[in-house]
Amino acid sequence: MLLNEVVAATEAVGATPSRLAKIAALAALLRGLDPGEVRPAIGFLTASPRQGRLGVGWRSLSALETPHAAGPSLTILDVDAALDRLAAADGQGSVAARRGELTLLSERATSAEWDFVARVMLGELRTGALEGVLLDAIAKAAERDASAVRRAAMLSGDLGATAELALTGSADELEAVGLVVGRPVMPMLASTAGSATEAVQALGGTASVEYKLDGARIQVHRDGDDVRVYTRSLADITHRVPEIVEAVRELPAERVILDGETLSLDEDGGPRPFQDTMARFGSESGAAVVLRPWFFDILHLDGRDLLDEPLSTRLEVLERVAGASRMPGIVTDDADRAEEFSREALAAGHEGVMVKGVESAYAAGRRGKSWLKVKPVLTFDLVVLAVEWGSGRRTGQLSNLHLGARDPEGAYGEPGGFVMVGKTFKGLTDALLRWQTEHFPTIETHRSSSAVHVRPETVVEIAIDGVQRSTRYPGGVALRFARVKGYRPDKSPGDADTIGSLRTLLRG
DNA sequence: TTCCGACAGTGGGGTCGCAAT
DNA sequence: ATTGCGACCCCACTATCGGAA
């Protein structure tokens, strides 16, 4: 199939707000694919090429200046082969080799095709259809049950393989896709609750309340001595974490799939900051810091699949297997007891708690309401220093706020000035975006191509999870997960919180 | 008819490895 | 040695469609 047909279908998908129309357009496209084109096409449509890491980003694409072809000639398989060569070049030294490949591809593509391929490589198609919509389209094209397609995709962790199987295999083959030790599963995700009490009440009965650690999600598969460790996005990082492999080899289980979190501890046994855990977790060459695993769920044990069992059953099995690596937790229907446990978690230096319904199955790949995370929220009054122009549906609107804390002593600048501590675009409603776009130009001091700088007069209440040390910002701290709660026209810049009060959050 | 679950989009900070400077 | 880029950890929130109630 010509790439041009994929581009045309994608344009149709992007042009309609209706999900049913998107699904219909995608299903029609999928039906026309040859079997060998399914996996590459799914990679294009989700803007995550099957080749994985390409080493091509916005910078290298914008540096290209090549003319495009007048008419379409590229096929899906042509582009797939070009991406193969790009992926092979990544990590092999030459930027020039990648640029050569990109230039060749660019010259063979029409401008519409190149625009599409560039968005695929950047991982942002922005047509309103990703995995969720595409799953339904695959089911429609293959005339299979959407829930069967979804289940196969989540359990295999591979949408492309699932699409190929759905479109070319039998319904029985699709149904037969299940858990395999050694093949990672899409992890179950959580929603947010305001408090432990609220979470217990929302679950309406007995809940498992567990520590929520500020580390990295891990999924561990063990088959005898063969242990594999995967990240949340299913990357195999076994070679980076030998200490986790060793810990899992000690467990009393031959074949097991465990879900958990890893982080590193300080000398006193308390959790290190997330940044320290990530420095170790992300490093190929082992460091002084040691990672420890904590497991909160078990999906398989010695031939028995557990993910459709209720959480209460899975926890009983986990109790026998995980030993000291079991995530601390309690089972209770008492909201007060849950609150008490939450306070214990915070006192131990952890992020908060997870509250889970004990009747719930393990819903791979879903962000349901049966897992609720509870973390304390801090709020600060900060001052807007500048606002960046938005992109996509926020094009033409002032969106991303530069936030400053008051610096009365001038420790990081002029006395009485403001020190930038982060940005945020979150929490803004359409009405607030319109207001920002009208308001900030009226107090503009100057502007750059990307932002309008303003007099530091506007106070905004910002919610954060905490702060982290920063080399980017002059005050040495950056906000973590900042979002707008609301503007505070009742407050003046002199009422804003200080850099000192943010810095005290760094320790303890 | 109204409600609400699921999705997609819009980006945030920090860390690494790697190649170019 | 330093810097810039790309990938990938962590992540919150709003708007919207369409099925569920």
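Protein chains get the first letters and strands the later ones, always in sequence-line order, with residue 1 at the start of each. Keep in mind that the numbers below use all heavy atoms, side chains included, and drop hydrogens, waters and symmetry copies.
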On the nucleotide dA12(C), are OP1 or OP2 found under 4.0 Å from the side-chain N or O atoms that Lys485(A) carries? no
For Ser470(A), answer base if it contacts any base atom (sugar-phosphate contacts may also be present), sugar-phosphate if it contacts only those atoms, and nothing otherwise; contact means non-hydrogen atoms under 4.0 Å. sugar-phosphate
Counting only side-chain heavy atoms from C-beta out, which of dG5(B), dG11(B), dG13(B) sits nearest to Ser391(A)? dG11(B)
Begin from the C-alpha positions of Lys356(A) and Asp297(A) and carry the test salt bridge (Lys or Arg N to Asp or Glu O under 4.0 Å) through to its verdict. CA-CA 11 Å; Lys356(A) 304 174 178 177; Asp297(A) 215 322; 5.0 Å; no
Per atom distances to the Val95(A) side chain, the nearest of dA20(B), dG19(C), dC13(C) is dA20(B)
Phe281(A) side chain, from C-beta outward: closest of dT14(C), dC9(C), dC11(C): dC9(C)
Within this structure, what is the CZ-to-P distance between Arg480(A) and dA12(C), rounded to whole angstrom? 10 Å
Separation of dG9(B) atom C1' from Arg19(A) atom CZ, nearest Å, is 11 Å
Could you go step by step and tell me if Asp430(A) and Gln397(A) meet the side chain to side chain donor-acceptor pair (under 3.5 Å) rule? CA-CA 10 Å; Asp430(A) 287 356; Gln397(A) 294 193 291; over 6 Å; no
Give a yes/no on whether any side-chain N or O of Arg469(A) is located under 4.0 angstrom from OP1 or OP2 of dT15(B). yes
Of all the nucleotides listed (dA15(C), dG5(B), dG12(B)), which has the minimum atom distance to the side chain of Thr429(A)? dA15(C)
Can you find an N or O donor on one side and an acceptor on the other, under 3.5 Å apart, linking the side chain of Arg393(A) with the base of dT10(B)? no
Expressed as a whole number of angstroms, how long is the span from Arg272(A):CZ to dG14(B):P? 19 Å
Should dA21(C) form a Watson-Crick or G-U wobble pair with both distances under 3.5 Å, which nucleotide is its partner? dT1(B)
Quick one, give me the B/S/- string for nucleotides 2-8 of chain C, reading 5' to 3', where B means a protein heavy atom under 4.0 Å from the base and S means that only happens at the primed atoms, P, OP1 or OP2. ---SSS-
Comparing nearest nucleotides in DNA chain B, the 5'-proximal residue of the pair Gly368(A), Gln275(A) is Gly368(A)
Compare side-chain N and O positions of Asn400(A) against OP1 and OP2 of dT10(B) and report whether any pair is under 4.0 Å apart. no
Ala478(A) near the nucleic acid: base, sugar-phosphate alone, or nothing, with a heavy-atom cut-off under 4.0 Å? sugar-phosphate
Heavy atoms only, 4.0 Å cut-off, all strands: where does Glu131(A) land among base, sugar-phosphate and nothing? sugar-phosphate
Taken to the nearest whole Å, CD1/Ile23(A) to P/dC7(B) is 11 Å
Of Asp136(A), Leu135(A), Asp145(A), which is the lone residue that meets side chain to side chain contact (heavy atoms under 4.5 Å, CB included) with Arg150(A)? Leu135(A)
Above 12 or not: heavy atoms from other molecules or residues under 6.0 Å from NZ of Lys140(A)? no
Quick check on DNA chain C: between Arg232(A) and Ser18(A), whose nearest nucleotide comes earlier from the 5' end? Arg232(A)
Tell me: CZ of Arg119(A) to P of dA8(B), nearest whole Å? 16 Å
Contact class for Lys373(A) vs. all strands (heavy atom < 4.0 Å): base, sugar-phosphate, or nothing? sugar-phosphate
Separation of atom CG in Asp214(A) from atom P in dC9(C), rounded to whole Å: 16 Å
Between Arg483(A) and Phe425(A), is NZ or CZ placed under 6.0 angstrom from the six-membered ring centre and within 45° of the ring axis? no
Just the rounded figure in Å: distance from P of dC10(C) to NE2 of His350(A). 17 Å
Given that Asp430(A) and Arg217(A) both sit by DNA chain C, which one's nearest nucleotide is further toward the 5' end? Arg217(A)
Taking Val13(A)'s backbone N and O only, do any of them form a donor-acceptor pair with Lys22(A)'s side chain (distance below 3.5 Å, no angle check)? yes
Those residues of residues 417-424 of chain A lying under 4.0 Å from DNA chain C by at least one heavy atom: none
Ser283(A) side-chain proximity, nearest of dA8(B), dC16(B), dG13(B): dC16(B)
Quick check against the 3.5 Å criterion: does Arg406(A) have a side-chain atom that pairs as donor or acceptor with the backbone of Ile499(A)? no
Ring-plane angle category for Trp371(A) and Phe296(A), please: parallel below 30°, perpendicular beyond 60°, tilted otherwise. perpendicular
Donor-acceptor check, side chain of Arg326(A) to backbone of Phe295(A), threshold 3.5 angstrom: yes or no? no
When you measure from the side-chain N and O atoms of Arg394(A) to the phosphate of dT14(C), is any distance below 4.0 Å, counting only OP1 and OP2? no
Does Glu444(A) have more than 12 heavy atoms from other residues, nucleotides or ligands lying within 6.0 Å of its CD? yes
Winner on side-chain proximity to Thr192(A), out of dA12(C), dT15(B), dG14(B), is dA12(C)
Does Trp435(A) have its ring centroid less than 6.0 Å away from the ring centroid of Tyr487(A)? yes
Calculate the interatomic distance between Arg367(A) atom CZ and dT14(C) atom P; express it in whole Å. 15 Å
